[in-house]
Enquirer: 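Next up is a structure, given as structure tokens.
For reference, positions follow the sequence shown, starting with 1.
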Amino acid sequence: LRWVVQKDKKFQLIRLLLHHPIQYAFQYLRSAFKGSSYQRTDDLFFYGITSSEEMEELMKRDDTILVVGFSYCQKPHECPCTRFSDACTHCLDNPVCRQCTIGKAMHSLPHSATIPVIVPTINAIGKTILETVDAFPNKRVAFVITACEMALQMFGDMGNMVGVSGVGIRLEGRVCNTFRAFVLSEEGIKPGLTNVSPLSQDRLFGLLRTWREARQQNSTSP
């Protein structure tokens, strides 16, 4: 929490949190004092839910808005948008994009009720989720996000504070395993690549397939 506030130079998150200060404060304290902010199965971290099956049920609801986030450190060094940015062209004509997990996922996402985002910093994804909650007060906001294990452990209380549910998918490879490495990563200093394991990648695309099929079904329902 201290890190998030410290990096909120323009008070963007603070202003959003002040829309519901008592509710957010209560939910944060409840999450902070109840022990672990998540439940875990292998590389999957569950927030506000307990399993992939429960996430799939949430995805099938017609009142769900899904934020799908990918850590920038997954981007290849040859990314045409540069690595430390929230941009992603996922261009089918670009051979780099065609081999990138992020590019493949972006092409699999439906346009309806979906907010895809590349995550350069913790505050950036926090701002996206808070803005989504504010923009859709009568909807259920859920998320699927890739991140290093350290970030998934540290910032679980933030998601619980806002009352969103979702899945964090652990990255492997050159991940941040100290707070100093995390700080450097937040400043765009991240030469090493991260990736999702083959098994977790299957689970990721399985969830995205469930979401795509649910949106298609809901759009054709009378």
Side-chain angles (χ1 to χ4, degrees), residues 4 8 12-13 15-17 19-20 24 27-28 31 37-38 43-49 51-52 54-75 81 85-88 90 101-148 151-152 154-171 186 196 200-201 203-216 218-219:
V4 169
D8 190 21
Q12 294 176 319
L13 295 184
R15 285 197 294 267
L16 289 166
L17 289 172
H19 291 181
H20 307 283
Y24 289 159
Q27 290 177 168
Y28 178 81
S31 178
S37 60
Y38 58 85
D43 286 345
L44 304 186
F45 289 65
F46 299 103
Y47 304 89
I49 54 176
S51 65
S52 296
E54 195 172 345
M55 183 65 188
E56 290 176 354
E57 289 304 312
L58 182 57
M59 287 176 158
K60 292 174 183 177
R61 294 173 54 127
D62 59 7
D63 63 343
T64 296
I65 303 291
L66 185 68
V67 176
V68 183
F70 300 95
S71 176
Y72 84 89
C73 59
Q74 283 181 261
K75 287 185 175 185
C81 296
S85 77
D86 60 3
C88 177
H90 47 275
T101 301
I102 299 174
K104 295 175 184 177
M106 290 289 193
H107 279 290
S108 74
L109 292 174
H111 296 294
S112 171
T114 309
I115 301 175
V117 58
I118 305 298
V119 183
T121 65
I122 288 293
N123 281 37
I125 186 60
K127 181 172 178 287
T128 296
I129 289 178
L130 280 168
E131 288 176 338
T132 304
V133 170
D134 265 16
F136 302 96
N138 299 318
K139 300 286 188 177
R140 288 285 303 272
V141 178
F143 64 86
V144 175
I145 295 174
T146 65
C148 66
L152 293 173
M154 283 197 303
F155 295 100
D157 291 325
M158 302 290 104
N160 294 336
M161 172 182 67
V162 184
V164 295
S165 302
V167 180
I169 301 176
R170 186 184 74 93
L171 293 169
E186 290 263 300
V196 178
S200 295
Q201 191 171 139
R203 290 169 172 167
L204 166 64
F205 282 101
L207 288 171
L208 299 185
R209 181 170 58 251
T210 297
W211 175 245
R212 183 175 63 253
E213 292 173 352
R215 291 306 97 197
Q216 292 170 346
N218 291 338
S219 67

Enquirer: Tell me whether the rings of H20 and Y24 are parallel (<30°), tilted (30 to 60°) or perpendicular (>60°).
Expert: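 Rings of H20 and Y24: perpendicular, as their planes differ by over 60°.
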
Enquirer: Find the distance between CG (L208) and OG1 (T114) and round it off to the nearest 0.5 Å.
Expert: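 These two atoms lie 9.0 Å from each other.
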
Enquirer: Please work out whether the ring planes of F143 and Y47 are parallel, tilted or perpendicular, with thresholds of 30° and 60°.
Expert: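 Tilted.
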
Enquirer: Give, for atom CZ of R140 and atom CD1 of I65, the distance between the pair rounded to the nearest 0.5 Å.
Expert: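 One finds 12.0 Å between CZ of R140 and CD1 of I65.
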
Enquirer: With a cut-off of 6.0 Å (strictly less than), are more than 12 heavy atoms of other residues, nucleotides or ligands near CZ of R209?
Expert: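 No - once you tally the heavy atoms of other residues, nucleotides and ligands closer than 6.0 Å, there are 12 at most.
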
Enquirer: Can a side-chain donor-acceptor contact be found between Q74 and T146 if the only test is distance below 3.5 angstrom?
Expert: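 T146 vs Q74: donor-acceptor pair found between side chains.
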
Enquirer: Please report the closest heavy-atom contact between C73 and L171, naming both atoms and the distance.
Expert: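 Reported closest heavy-atom pair: SG-CD1, 4.0 Å.
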
Enquirer: Answer whether the closest heavy-atom distance between the side chains of I102 and M106 falls below 4.5 Å.
Expert: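 Heavy-atom side-chain distance check passes, below 4.5 Å.
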
Enquirer: Does some side-chain heavy atom of L204 sit less than 4.5 Å from a side-chain heavy atom of V167?
Expert: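 A side-chain contact under 4.5 Å is absent here.
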
Enquirer: Could you grab the distance from atom CE of M158 to atom CD1 of I122, nearest 0.5 Å is fine?
Expert: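 CD1 of I122 is found 9.5 Å from CE of M158.
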
Enquirer: To the nearest 0.5 Å, how far apart are CZ in F70 and CD1 in I145?
Expert: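 One finds 10.0 Å between CZ of F70 and CD1 of I145.
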
Enquirer: Can you tell me how far apart CE (M59) and OG1 (T64) are? Round to the nearest 0.5 Å.
Expert: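 The OG1 atom of T64 is 9.0 Å from CE of M59, to the nearest 0.5 Å.
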
Enquirer: Under 3.5 Å, side chain of T132 to main-chain N/O of T128, donor-acceptor pair present?
Expert: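 Answer holds: yes.
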
Enquirer: Just do the side chain to side chain contact (heavy atoms under 4.5 Å, CB included) check on R203 and V144 with the steps written out, would you?
Expert: CA-CA 11 Å; R203 290 169 172 167; V144 175; over 6 Å; no

Enquirer: How far apart are the closest heavy atoms of L152 and A147, and which atoms are they?
Expert: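 Nearest heavy atoms, L152 then A147: CD1-O, 3.7 Å.
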
Enquirer: Considering all heavy atoms of both residues, which atom of P110 and which atom of R215 are nearest to each other, and what is their separation?
Expert: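 Nearest heavy atoms, P110 then R215: CG-CG, 3.6 Å.
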
Enquirer: Please test L44 against Y38 for side chain to side chain contact (heavy atoms under 4.5 Å, CB included), starting from the C-alpha separation and ending with a verdict.
Expert: CA-CA 10 Å; L44 304 186; Y38 58 85; over 6 Å; no

Enquirer: Testing the basics here: between I118 and P120, what is the closest heavy-atom pair and its distance to 0.1 Å?
Expert: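 Scanning both residues, the minimum pair turns out to be O-CD, 3.1 Å.
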
Enquirer: Please determine whether side chain to side chain contact (heavy atoms under 4.5 Å, CB included) holds for the pair F46 and S52, giving the CA-CA distance in whole Å, both sets of side-chain angles, and the decisive distance to 0.1 Å.
Expert: CA-CA 8 Å; F46 299 103; S52 296; 3.7 Å; yes

Enquirer: Without swapping roles, check the side chain of D8 against the backbone of L13 for a donor-acceptor pair under 3.5 Å.
Expert: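 Side chain of D8 to backbone of L13, a donor-acceptor pair under 3.5 Å: yes, one is there.
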
Enquirer: For the pair Q27 and V162, evaluate side chain to side chain contact (heavy atoms under 4.5 Å, CB included) and give the outcome as yes or no after the intermediate values.
Expert: CA-CA 7 Å; Q27 290 177 168; V162 184; 5.7 Å; no

Enquirer: Going through the distances and angles, do K75 and S85 end up as a side-chain hydrogen bond (donor to acceptor under 3.5 Å, both in side chains)?
Expert: CA-CA 10 Å; K75 287 185 175 185; S85 77; 3.1 Å; yes

Enquirer: Where do L16 and E131 come nearest, in terms of heavy atoms and distance?
Expert: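 So the minimum-distance heavy-atom pair works out to CD1-CG, 3.9 Å.
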
Enquirer: Return the NE2 to SG distance between H90 and C81, rounded to the nearest 0.5 Å.
Expert: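 Between atom NE2 of H90 and atom SG of C81 there are 9.5 Å.
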
Enquirer: Looking at every heavy atom in both N160 and S37, which two are closest together, and how far apart are they?
Expert: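 Shortest heavy-atom separation between N160 and S37 comes out as ND2-O, 3.1 Å.
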
